[in-house]
Novice: 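Supplied in structure tokens, the structure appears directly below.
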Amino acid sequence: MLSYGASASTLRVPHTVTFCYNNPHHLPTNTTHNTTVVTRRTLSLLATATVLSVPVLFCNSSVRSSEAAAAATPRFSELPESGGVKVLDLRVGDGDYPVNADQVAIHYYGRLAAKQGWRFDSTYDHKDETGEPIPFVFVLGSAKVIAGIQAAVRTMKVGGIRRVIIPPSQGYQNMDQEPVPPNFFDKQRLFTTIFNPTRLANGEGSTLGIIIFDIELVSLKHL
């Protein structure tokens, strides 16, 4: 688990992140019929560790290390000409690819690495009058939406689900960009962390703005 001091201005990262089946503070993978299934919590922590270049260790002796590494270590790839956006496809869609000027609808979970993976927003929490989640809709290529999300969506097919690690340069550049939490306090917490002047002055800009999104491309419409 990443550790951040409440009063310290320096980001403190452990030398390793260890996942132990017998450790109550870590959720294990679920093993059924010799198939290792990674829990969402484990994959979230692995994603955060990956972006900060922290080695990951597995200490369950009942699973061979090579099998655990092959099954549980996420294989992120960097999108070409994306400014460092890394993606992991959790499900490949079977629909069309969007192009610039298309109207796209996505569902997402957004997390902030500098707050130990704090989930600052989720479209699944935004409900209409019937209780159905409301997707985030935008026009691909719009400057109002952060570049990292657009780079990820541009190379997805409709129906796909992708985990995306977005570096600060491709994330929020100002407080007018979307998507943002509808809750005022969550929005304030997000931006006071990313744009904290003291921590930025201390050279933490390369980590403060790292965000992790799980994105599902729901639909697209050619305008």
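Every value quoted in this text rests on a predicted model; they were computed, and no experiment measured them. When a residue number appears, it is its place in the shown sequence, counting from 1.
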Novice: Who passes side chain to side chain contact (heavy atoms under 4.5 Å, CB included) against N174, sequence neighbours left out?
Specialist: D176, Q177
Novice: Side chain to side chain contact (heavy atoms under 4.5 Å, CB included) with P182: which residues, sequence neighbours excluded?
Specialist: D121, H126
Novice: Testing the basics here: between P179 and I149, what is the closest heavy-atom pair and its distance to 0.1 Å?
Specialist: CD-CD1, 3.5 Å
Novice: Would you please name every residue forming a ring pair (Phe, Tyr, Trp, His ring centres under 6.0 Å) with Y108, sequence neighbours left out?
Specialist: F213
Novice: Say whether, by atom type as modelled, one donor and one acceptor occur between the side chain of Q103 and the main chain of L223 under 3.5 angstrom.
Specialist: no
Novice: Apply the hydrophobic cluster definition, ILVMFWY joined by side-chain contacts under 4.5 Å directly or through others, and give me every member besides L200.
Specialist: L208
Novice: What are the two closest heavy atoms between T193 and A114, and how far apart are they?
Specialist: CG2-CB, 4.1 Å
Novice: Can you find a heavy atom in the side chain of T155 that is under 4.5 Å from one in the side chain of V87?
Specialist: no
Novice: Looking at CD1 of I165 and CD of E78, how far apart are the two atoms once the value is rounded to the nearest 0.5 Å?
Specialist: 10.5 Å
Novice: N100: which residues meet the side chain to side chain contact (heavy atoms under 4.5 Å, CB included) condition with it, sequence neighbours left out?
Specialist: L140, R154
Novice: Does L220 reach the side chain of Y97, with side-chain heavy atoms less than 4.5 Å apart?
Specialist: no
Novice: Kindly say whether G159 contributes a backbone atom to a donor-acceptor pair with the side chain of R91 at under 3.5 angstrom?
Specialist: yes
Novice: Specify the closest pair of heavy atoms between P98 and L217, including all atoms of both residues, with the distance to one decimal.
Specialist: CD-CD2, 4.1 Å
Novice: Tell me whether D102 contacts the main-chain N or O of V99 through its side chain, where contact means a donor paired with an acceptor under 3.5 Å.
Specialist: yes
Novice: Might you point out which heavy atoms bring D214 and R111 nearest each other, and give the distance in Å?
Specialist: OD2-NH1, 3.5 Å
Novice: Distance-only, no hydrogens or angles: does the Q170 side chain make a donor-acceptor pair with backbone N or O of P168 under 3.5 Å?
Specialist: no
Novice: Going by the rule side chain to side chain contact (heavy atoms under 4.5 Å, CB included), which residues pair with D186 if we only count those two or more places apart in sequence or in a different chain?
Specialist: W118, P181, N183
Novice: State, to 0.1 Å, how close G148 and I166 come at their nearest heavy-atom pair, and which atoms those are.
Specialist: C-CD1, 3.7 Å
Novice: Does the side chain of V85 reach to within under 4.5 Å of the side chain of P167, using non-hydrogen atoms?
Specialist: yes
Novice: For residues F76 and I210: do they belong to one hydrophobic cluster (side chain heavy atoms under 4.5 Å, members Ile, Leu, Val, Met, Phe, Trp, Tyr)?
Specialist: yes
Novice: Report yes or no: do V180 and V153 belong to one cluster of Ile/Leu/Val/Met/Phe/Trp/Tyr joined by side chain heavy-atom distances under 4.5 Å?
Specialist: yes
Novice: Checking side chain to side chain contact (heavy atoms under 4.5 Å, CB included) for the pair I194/L112: CA distance, chi angles, key distance, verdict?
Specialist: CA-CA 9 Å; I194 293 176; L112 186 62; 4.1 Å; yes
Novice: Would you say I211 ends up clustered with M175 if hydrophobic residues are merged whenever their side chains have heavy atoms under 4.5 Å apart, either directly or through other cluster members?
Specialist: yes
Novice: Among pairs that include at least one residue of residues 164-210, which meet ring-ring contact (aromatic ring centres under 6.0 Å, His included), considering only residues two or more places apart or in two chains?
Specialist: Y172-F191, F191-F195
Novice: Just to verify, what does D125 make a salt bridge (Lys or Arg N to Asp or Glu O under 4.0 Å) with, not counting sequence neighbours?
Specialist: R119
Novice: Measure the OH-OG1 distance between Y109 and T123 for me, rounded to the nearest 0.5 Å.
Specialist: 8.0 Å
Novice: Could you work out, with side-chain hydrogen bond (donor to acceptor under 3.5 Å, both in side chains) as the rule, every residue matching Y124, not counting sequence neighbours?
Specialist: E216
Novice: Verify the cluster assignment for L79 and V164: are they in a single hydrophobic cluster under the rule of side-chain heavy atoms below 4.5 Å apart?
Specialist: yes
Novice: Could you work out, with side-chain hydrogen bond (donor to acceptor under 3.5 Å, both in side chains) as the rule, every residue matching D89, not counting sequence neighbours?
Specialist: R162
Novice: List the residues meeting side-chain hydrogen bond (donor to acceptor under 3.5 Å, both in side chains) with S82, not counting sequence neighbours, and say none if there are none.
Specialist: none
Novice: Closest approach of V158 and V218, non-hydrogen atoms and distance?
Specialist: CG1-O, 3.3 Å
Novice: Taking distance alone, no hydrogens or angles, what donor-acceptor pairs closer than 3.5 Å link side-chain atoms of residues 128-137 to residues at least two apart or in another chain?
Specialist:
unit_1 : atom_1 : unit_2 : atom_2 : d
D128   : OD1    : T130   : N      : 2.9
D128   : OD1    : T130   : OG1    : 2.7
D128   : OD1    : G131   : N      : 3.0
D128   : OD1    : E132   : N      : 2.9
D128   : OD2    : T130   : OG1    : 3.4

